[in-house]
Amino acid sequence: MSAPRIALPPAIDPAALSSHDPAAWVELIEGETMGTTWRVRYAGRVAPLTVAAAITARLAALVDQMSHWEPGSALSRFNDAPAGSWHELPADLARVVDLALTLAPRSGGAFDPAIGALVDLWGFGPAGARAAPGPREIADALALGGWRRLTWDAPRRRLRQPGGVRLDLSGIAKGYAVDAVADLLDELGVRHCLVEIGGELVGRGWRPDGDPWWVDIEAPSGADVPPLRVAAHQLAVATSGTYVRGAHNLDPRTGRPPIHGVVSASVVAPSAAMADALATMAVVAAPAKVMALDYPVRLIVGTVDVYQELLSHRLVEMLKQDYC
């Protein structure tokens, strides 16, 4: 295997340097959440049992707000609410909805938090697998959902249910949870960590040995591309694609699986929520539009027997950084 290409951050955070502790131990704690696993490596002097208990409680609170698999969650209650009703959202759910509804128009609808009806129709939701839908069923689900039907009162954290709209935040919720755990660690006095939930990651600070938290970006099996390693210093990395979830990605604009052949999309961003949402969008949107994003992005586009790697100009800049 060839040596990895190294993507370095555009800047070093002086505050992270000032709090660096070369004598700290690197602790590893892990668990399960959101139908997947979480893992945290941190350098600090806070007891692992204390950290694990705090993380478990924080993640449980997020599931209680944002899971479309839990019938009693705040999100599920909104989905089942009558037409014309207004709902004051809990703080975390409100932040995710606000970001999602900001990104939806900017993405041209390639990212849409209100496609729960489509997700269920294709058998990707809590009800489980079912036969592929026909054109009429897809058209009906498209008419019922979509971010444009939502009215969001951001100052009062209120969202209006127009009737039949079903939120599905699976393209952003894990990333938000990663950020929330990293913020929680900071509150506990842990400022150097690598947090991962279901493959979405954020790195804060440094390892005790002075290295950044290294993240190797996955590639689909059979894609003959050189390894790519990111120095996750105050940066998040998220990857989405058909090789990750199977053919479970849907284009919110057509109600069907995407057609551009993107099998893997990896995004580097300041927050995991943003990286997660952009990676979700990048699998759906046309590769040329994705490459124009002002973020470091790696796409792998596949045909029957050939893979092509595309790197955005921001990622190319990271590969050219030199601090020596």
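By convention here, the first residue in the shown sequence is residue 1. In what follows, every heavy atom counts, from backbone to side chain, and hydrogens, waters and symmetry copies are set aside.
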Roughly how far apart are [X] [atom1] and [Y] [atom2], rounded to 0.5 Å?
X     : Y      : atom1 : atom2 : value
Trp38 : Leu59  : CH2   : CG    : 7.0 Å
Thr50 : Ile55  : OG1   : CD1   : 11.0 Å
Asp64 : Leu75  : CG    : CG    : 11.0 Å
Arg39 : Leu201 : CZ    : CG    : 10.0 Å
Arg95 : Met66  : CZ    : CE    : 9.5 Å
Leu89 : Arg77  : CG    : CZ    : 10.0 Å

Using only atom types and a distance under 3.5 Å, with no angle test, would you say the side chain of [X] pairs donor to acceptor with the backbone of [Y]?
X      : Y      : result
Trp147 : Pro113 : no
Arg130 : Gly123 : no
Glu200 : Ile197 : no
Asp168 : Ile115 : no
Glu196 : Val40  : no
Arg191 : Arg204 : no
Gln161 : Phe78  : yes
Ser2   : Pro226 : no
His192 : Trp206 : yes
Glu137 : Ala141 : no

Look at atom [atom1] of [X] and say whether more than 12 heavy atoms of other residues, nucleotides or ligands are closer to it than 6.0 Å.
X      : atom1 : result
Glu32  : CD    : no
Trp25  : CH2   : no
Leu49  : CG    : no
Asp209 : CG    : yes

Does a side-chain heavy-atom distance below 4.5 Å link [X] with [Y]?
X      : Y      : answer
Arg149 : Leu144 : yes
Pro252 : Val284 : yes
Ser264 : Glu218 : no
Asp98  : Trp152 : yes
Pro270 : Tyr295 : yes
Phe124 : Leu250 : yes
Asp92  : Pro90  : no
Glu88  : Arg156 : no

Open item on the list: I'd like to know whether Arg58 forms a salt bridge (charged side-chain N to carboxylate O under 4.0 Å, His left out) with Asp183, so could you lay out the CA-CA distance, the side-chain angles of the two residues, the decisive distance to 0.1 Å, and finally the verdict.
Closed with: CA-CA 11 Å; Arg58 184 72 174 102; Asp183 290 343; over 6 Å; no
Co-membership, hydrophobic cluster, residues [X] and [Y], 4.5 Å side-chain:
X      : Y      : value
Leu299 : Leu311 : no
Val195 : Val63  : yes
Leu293 : Leu235 : no
Val225 : Val262 : no
Val119 : Leu167 : no

Between [X] and [Y], which heavy-atom pair has the shortest distance, and what is it?
X      : Y      : answer
Ala285 : Ala110 : CB-CB, 4.2 Å
Ser170 : Lys174 : O-NZ, 4.1 Å
Thr239 : Ser266 : OG1-OG, 2.7 Å
Arg157 : Ala91  : NH2-N, 3.8 Å
Arg45  : Ala23  : NH2-CB, 3.5 Å
Trp214 : Ala231 : CZ3-CB, 3.6 Å

> Does a salt bridge link Lys320 with Glu317, judged by any charged N lying under 4.0 Å from a carboxylate O?
Replying inline: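 Salt bridge: no.
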Check your understanding: Under the criterion side-chain contact (heavy atoms from CB on, under 4.5 Å), which of Val230, Val267, Leu315 is the partner of Ile217?
Key ->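 Going through Val230, Val267, Leu315 one by one, the side-chain contact (heavy atoms from CB on, under 4.5 Å) with Ile217 is satisfied by Val230 alone.
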Practice prompt. For the pair Val51 and Glu27, evaluate side chain to side chain contact (heavy atoms under 4.5 Å, CB included) and give the outcome as yes or no after the intermediate values.
Written response: CA-CA 10 Å; Val51 176; Glu27 305 285 359; over 6 Å; no
Could you walk me through whether Asp276 and Val178 satisfy the side chain to side chain contact (heavy atoms under 4.5 Å, CB included) test, starting with their C-alpha distance in whole Å, then the side-chain angles of each, then the deciding distance to 0.1 Å, before giving a yes or no? CA-CA 10 Å; Asp276 194 6; Val178 168; over 6 Å; no
Stepwise, does the side chain to side chain contact (heavy atoms under 4.5 Å, CB included) test hold for Val297 with Met291?
CA-CA 7 Å; Val297 181; Met291 287 295 99; 3.9 Å; yes
Kindly indicate, with the supporting measurements, whether the criterion side chain to side chain contact (heavy atoms under 4.5 Å, CB included) is fulfilled by Leu169 and His68. CA-CA 8 Å; Leu169 302 177; His68 66 287; over 6 Å; no
